[in-house]
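Have a look at the structure below, then the notes.
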Amino acid sequence: MTDQERIAQLEEQIAELKARLPKHTPPPSMLIQLDEMEDELSALCQGRGGCPDHSPGGGGAGSTAGAAGNA
């Protein structure tokens with residue numbers, strides 16, 4: 001699988017997971033999974049010089065909490 005294919009796959013999986021997150025008290029396992037996928041996506045994007053639709057340095061627990069609260 002190429003980096004571009006993996007990036008597309010991760011973006012799709014992240015979107016699906018965010019759509020499944022409950023608005024209140026999401027399970028820690030879902031937040032950990034989301035954080036791990038966002039970290040991998042960030043690493044892949046940095047290796048390619050950035051991804052057009054993914055902000056570098058984004059992701060992590062801070063943005064996960066915000067995404068869960070805004071879902």
Subject >> Which residues share a side-chain hydrogen bond (donor to acceptor under 3.5 Å, both in side chains) with R6, sequence neighbours left out >> reply: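 Scan of R6 (side-chain hydrogen bond (donor to acceptor under 3.5 Å, both in side chains), adjacent residues dropped) gives Q9, E40.
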Subject >> Residue list, side-chain hydrogen bond (donor to acceptor under 3.5 Å, both in side chains) with E36, at least two apart or on another chain >> reply: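 For E36 there are no side-chain hydrogen bond (donor to acceptor under 3.5 Å, both in side chains) partners, ignoring immediate neighbours.
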Original post:
Who are the side-chain contact (heavy atoms from CB on, under 4.5 Å) partners of P27, not counting sequence neighbours?
Top reply: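 Only P22, S29, M30 meet the side-chain contact (heavy atoms from CB on, under 4.5 Å) criterion with P27.
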**OP:** Start with the C-alpha gap between L34 and L21, add the side-chain angles, then the distance that decides, and say whether side-chain contact (heavy atoms from CB on, under 4.5 Å) holds.
**Re:** CA-CA 10 Å; L34 179 60; L21 278 174; 4.0 Å; yes
Once you round to the nearest 0.5 Å, how far does [atom1] of [X] lie from [atom2] of [Y]?
{"X": "L17", "Y": "E38", "atom1": "CG", "atom2": "CD", "answer": "8.5 Å"}
{"X": "I7", "Y": "M1", "atom1": "CD1", "atom2": "CE", "answer": "11.5 Å"}
{"X": "L44", "Y": "L41", "atom1": "CG", "atom2": "CG", "answer": "6.5 Å"}

